[in-house]
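These notes are about the structure you will find just below.
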Amino acid sequence: MKPYVLTPSQDSFLQPASRIDYEGALNAAQLEVVFSLDGPLLVIAGAGSGKTQTLVYRVARLIEQGVHPSHILLLTFTRRAAQEMLQRVGLLVGGRSDQVRGGTFHSVGNILLRRYGQSIGLDSSFTIMDRSDAEDVIHLLRSEYGLHEKGRRVPRKNTIAEMFSKTVNTLRALDDVIFGDYAHFVELIDDLNHLQKAYQNYKAKHSLVDFDDLLVKLDELLDSEAALHEEISKAFRYMLVDEYQDTNFLQARILQKLASPHNNIMAVGDEAQSIYSFRGATFRNIMDFPNQFPGTRVIKLEENYRSTQPILNLANEVIRGAEESYDKRLFSRRAEGAMPVLVRAEDENAQSRFVVQRILELREEGTALNDIAVLVRSSYQAFDLEIELGKRGISFIKRGGMRLMETAHVKDLLAHLRVVENPHDAVSWNRILMLIEGIGPKKSAQIVAQVVQEASPGPWLVEVARRMRSTGLAAFAGCVEQLNETPTSSPADLLSLASAYYLPILKQRYDDYPKRIRDLDHIQMIAIRYDLLQVFLSDMTLDPPNESVVDSEGELLDNERLVLSTIHSAKGLEWSCVFLLWLLDGKFPSSYSIFSNHELEEERRLFYVALTRAKHLLYLNYPINIYDRQAGAVLSRPSRFLDDVSSTLLDSWVLVDGGMSEYGINDI
DNA sequence: GAAAAGCGAATTTTT
DNA sequence: TTCGCTTTTC
C-alpha cells in the first residue's frame, strides 16, 4: 500500500470569528474561576452547576492569554470526557485546542512512561494488562506456589487482585489492607505477601504493567531524577483536574509532584458525588486540597442550570440524610416542573413495560429518544428491559457493565497481536497456547518459559511443534511467523492475519460463534483507525469501546437512540427525562452494602448522582415481591433513601394491568 | 501425569 | 456466564 499524506485540517489555521464572550456564557462565580489563572484553585461544583462549561472557558482563556496549548493538561475521569471538552474549546479558539494535553491519569502515565520509562528500568514496549490479565497472572502464580492445601479456604483470584490493587490506591501495606478489609484471610498473610512479591517480579520480568502500575511508576518516575521532574512539570504549566472527588491518595500525590513548583493547578469536584471508593477514591482529597496547595482559592458553584426545582428538592432531601452532611443546597431558576414520580410495579416485567410505554408516549409528545435515559445500579438490572425494548423496536445504546474487551474471544484475538508488540508478554503467550488442543497449564508454562527468551519465536515454535507432533501448535507457529514477518504492517492487517488463524478455534469452542464473530469484526473496524500497533493496543485497554449499540430490526430513527446506562457510567451526563430502575431496598442500596455505614453512604451518593442527571422528568421505579437470595427474603419496599423524604416531594403511582400491556394510574 | 469434560455456585460499580 | 473444584479420558 502506498502512503497518502493527508494535509492537516484547515481548521487549524482558522482563528475564531470574534473574541470570546465570557460574560454572556458564565455567571459571576464561573467568571471568577475562568479569570483566576495562576496559583492553586479549588472549585466546589454542585451537580449541574455548569462545571464543564467553566472548564471549557478556562482552557480557552488560557490559550487566549498566550499560554501554548501543549502546556495545558486537562485531567478527566474518562478519555471521552476530555475529548468532548476539548472539542468545545475548539469552537471557541479554533484548531489550537488540538494540542492541549488531555486524558485520564492512567493515559498520561502511559504516555510519560513510554517516553521516559527507561530511567526507571521500564522497557518502552511494555504491555498494559487489564484486570482480567492481572487475575490470570495471579491464578498462574497461585497454582505454582501451591496455596491451595487441603481444607484451607483460599481467596479467589478476583479477591487477591482486589487486595493488591487496594494497597496501591489507598497507599497502605498489604498487611493493613488484610487486617482492615479482609480479616477472614489473616492467617494467609505471609502467603499473600509472598504472592504479591511474585506478582511484582513476574510483571517486571515480562514487561507487563497493570492499571495501578501506570500510577505507581509515574509517581516513581517523578522522583527518579530532578532534571526529568523539571522537564515534565515544565511541560504541564497549567493543569486542570476534573472529578476530583473520585481521585485517590496516590493520584493526589502525583498531582502535587506534577504541579510543583509552579502550582498552577485547578481542581473541580463535588464531594457529594464521590462514587468510586471501591477503587480507592476518596473525597478527602477535596477537603485536603487547600492544605496540600497552600494559598488555594476556593470558589463554589451552587446555581444549578440543569434541573427543575422539584427534582432538586428531592435530590437535596436525599443528600441531607447523609451521615456526613454536605453543606449543599442546589437551587434553580426553573421553579416550575413536574414532580418526580415513584412508580410501583407488580414485578420486573411490569416495570419494563411501563418504561417502554412511557418512552413511546414521550416520543409522541416530541421528546427525542436520545434525550431519555434509563439508569440502573448494576448492568444486569436492565436485561429484562432490553428484551422489552427489542420487542417494541426501540433502538438503544448501552453503557457500562459487560465490556467487549473483557470477553474471552476478543481477549484471545488481541493476545496474538500483543506478543508481536511485546514478545516477553507471558500472559498473552499463555492465553494463546491454552487454546491449542492438547496443551494445558503444564505444557503451556514450559513453552512460555522458553519462548519469552527467544529472539525469533516463530522458527523456534515450528521446531517445538515438530518435536511434539502437534498440528495445532504447528498451525500457531505458522501464524506467529507470518505476524513477525510483517511487523510494520498496520494493526488492521495484523488483526486480519490473526483472525484467519483464530476463527477455526473460535468456531470449535463456542456454539454461539456467529455472535462472537460480529464482535471481532467490530474490533477490526476500530483497528482501521490506527497506524501504530502499540497505540492501538494501549487504547484498547485504557479506553476500551464500552458501548454496545442494539438497533431494532428495520427502522432506524435518524440515529436517535435511547441510553441505557449504569449510574457510574452516567457520571457527568444529563437527559431531559430519566428513569431509574430497581429502586427497591435490597437492590438499591444493595444488600451487600447495608452492613457497612461507609458503603451505605456511598450508595446514597450514588443515588444522588442518579437523581441529578434529570432535567425535566424523573421516574423512580420499583418492582415488588422480588425474592433476593442474598438477603434470603422477599423484597417489597422502596429504597430506604426515600424513607425520610416527605410525600409532598414525590408523586406516587401504582401500575394497574389493563390487559394488552396497557397501564392505568391510580394516585395514592 | 496431564488435559478435558462436567458440575455446582456465585454474580456491583471501572481506569 | 464464568470460577473453582472433581471426575473422566488420553
> B/dT12 P sits how many Å from A/Ile594 CD1, rounded?
Replying inline: 15 Å

> What is the distance from NZ of A/Lys398 to P of B/dT14, rounded to the nearest Å?
Replying inline: 10 Å

> More than 12 non-hydrogen atoms from neighbouring residues, nucleotides or ligands closer than 6.0 Å to NZ on A/Lys443, yes or no?
Replying inline: no

> Is any N or O donor-acceptor pair between the side chain of A/Arg377 and the base of B/dT13 shorter than 3.5 Å?
Replying inline: yes

>> Taking any heavy-atom pair under 4.0 Å as a contact, classify A/Ser590: base, sugar-phosphate, or nothing.
In response: nothing

> Does any donor atom in the side chain of A/Arg172 or A/Thr170 lie under 3.5 Å from an acceptor atom in the other side chain?
Replying inline: yes

>> Under a 3.5 Å threshold, yes or no: a donor from one side chain and an acceptor from the other, between A/Asn169 and A/Asp212?
In response: yes

>> Quick check for you: among B/dT15, C/dG4, B/dT13, whose closest atom lies nearest to any side-chain atom of A/Phe211?
In response: B/dT15

> Taking the six-membered ring for Trp, are the ring centroids of A/His106 and A/Phe77 within less than 6.0 Å of each other?
Replying inline: no

>> Is it the case that the side chains of A/Arg114 and A/Asn110 hold a donor-acceptor pair, with the cut-off being a distance below 3.5 Å and no angle test?
In response: yes

> Is A/Phe77 stacked on the base of B/dT15 when the test is centres under 5.5 angstrom and planes under 30 degrees?
Replying inline: no

> Given atom CG of A/Leu215 and atom C1' of B/dT14, what is their separation to the nearest angstrom?
Replying inline: 13 Å

> If you check every side-chain atom of A/Lys157, which of B/dT13, C/dC3, B/dT15 has the closest atom?
Replying inline: C/dC3

> Which comes earlier along DNA chain B counting from the 5' end, the contact point of A/Tyr276 or that of A/Arg156, where each point is its nearest nucleotide?
Replying inline: A/Arg156

> A/Ile275 CD1 to B/dT15 P: how many Å, rounded?
Replying inline: 11 Å

> Do any side-chain nitrogens or oxygens of A/Tyr592 fall under 4.0 Å of OP1 or OP2 in B/dT11?
Replying inline: yes

>> Within 45 degrees of the ring normal and closer than 6.0 Å to the centroid, is that where the cationic atom of A/Arg516 sits relative to A/Tyr510?
In response: yes

> Is the number of heavy atoms from other residues, nucleotides or ligands under 6.0 Å of A/Arg637 CZ greater than 12?
Replying inline: yes

> Taking atom P of B/dT15 as reference, at what distance in whole Å does atom CG of A/Leu250 sit?
Replying inline: 17 Å

>> Nearest whole Å is fine: how far is B/dA2 C1' from A/Met468 CE?
In response: 11 Å

> Under 4.0 Å between a side-chain N or O of A/Thr566 and OP1 or OP2 of B/dT14?
Replying inline: yes

> Can the positive tip of A/Arg101 be found less than 6.0 Å from the middle of the six-membered ring of A/Phe236, inside 45° of the ring normal?
Replying inline: no

> Does any residue of residues 431-443 of chain A have a heavy atom under 4.0 Å from DNA chain B, and if so, which ones, in number order?
Replying inline: A/Glu437, A/Gly438, A/Ile439, A/Gly440, A/Pro441, A/Lys442, A/Lys443

>> Could you check whether atom CD of A/Gln87 has more than 12 heavy atoms from other residues, nucleotides or ligands sitting under 6.0 Å from it?
In response: no

> For A/Ser379, which contact category applies under a 4.0 Å heavy-atom criterion: base, sugar-phosphate, or nothing?
Replying inline: sugar-phosphate

> To the nearest angstrom, how far is A/Glu162 atom CD from B/dT11 atom P?
Replying inline: 11 Å

> Looking just at side-chain N and O atoms, do A/Tyr276 and A/Glu602 make a donor-acceptor pair shorter than 3.5 Å?
Replying inline: no

>> Base, sugar-phosphate or nothing for A/Ser569? Non-hydrogen atoms, less than 4.0 Å.
In response: sugar-phosphate

> What is the distance, rounded to the nearest whole Å, between atom CZ of A/Arg279 and atom P of B/dT12?
Replying inline: 17 Å

>> As a test of your reading of the structure, name each stem of DNA chain B as range with range, where a stem is three or more consecutive Watson-Crick or G-U pairs at under 3.5 Å.
In response: B:1-10 with C:1-10

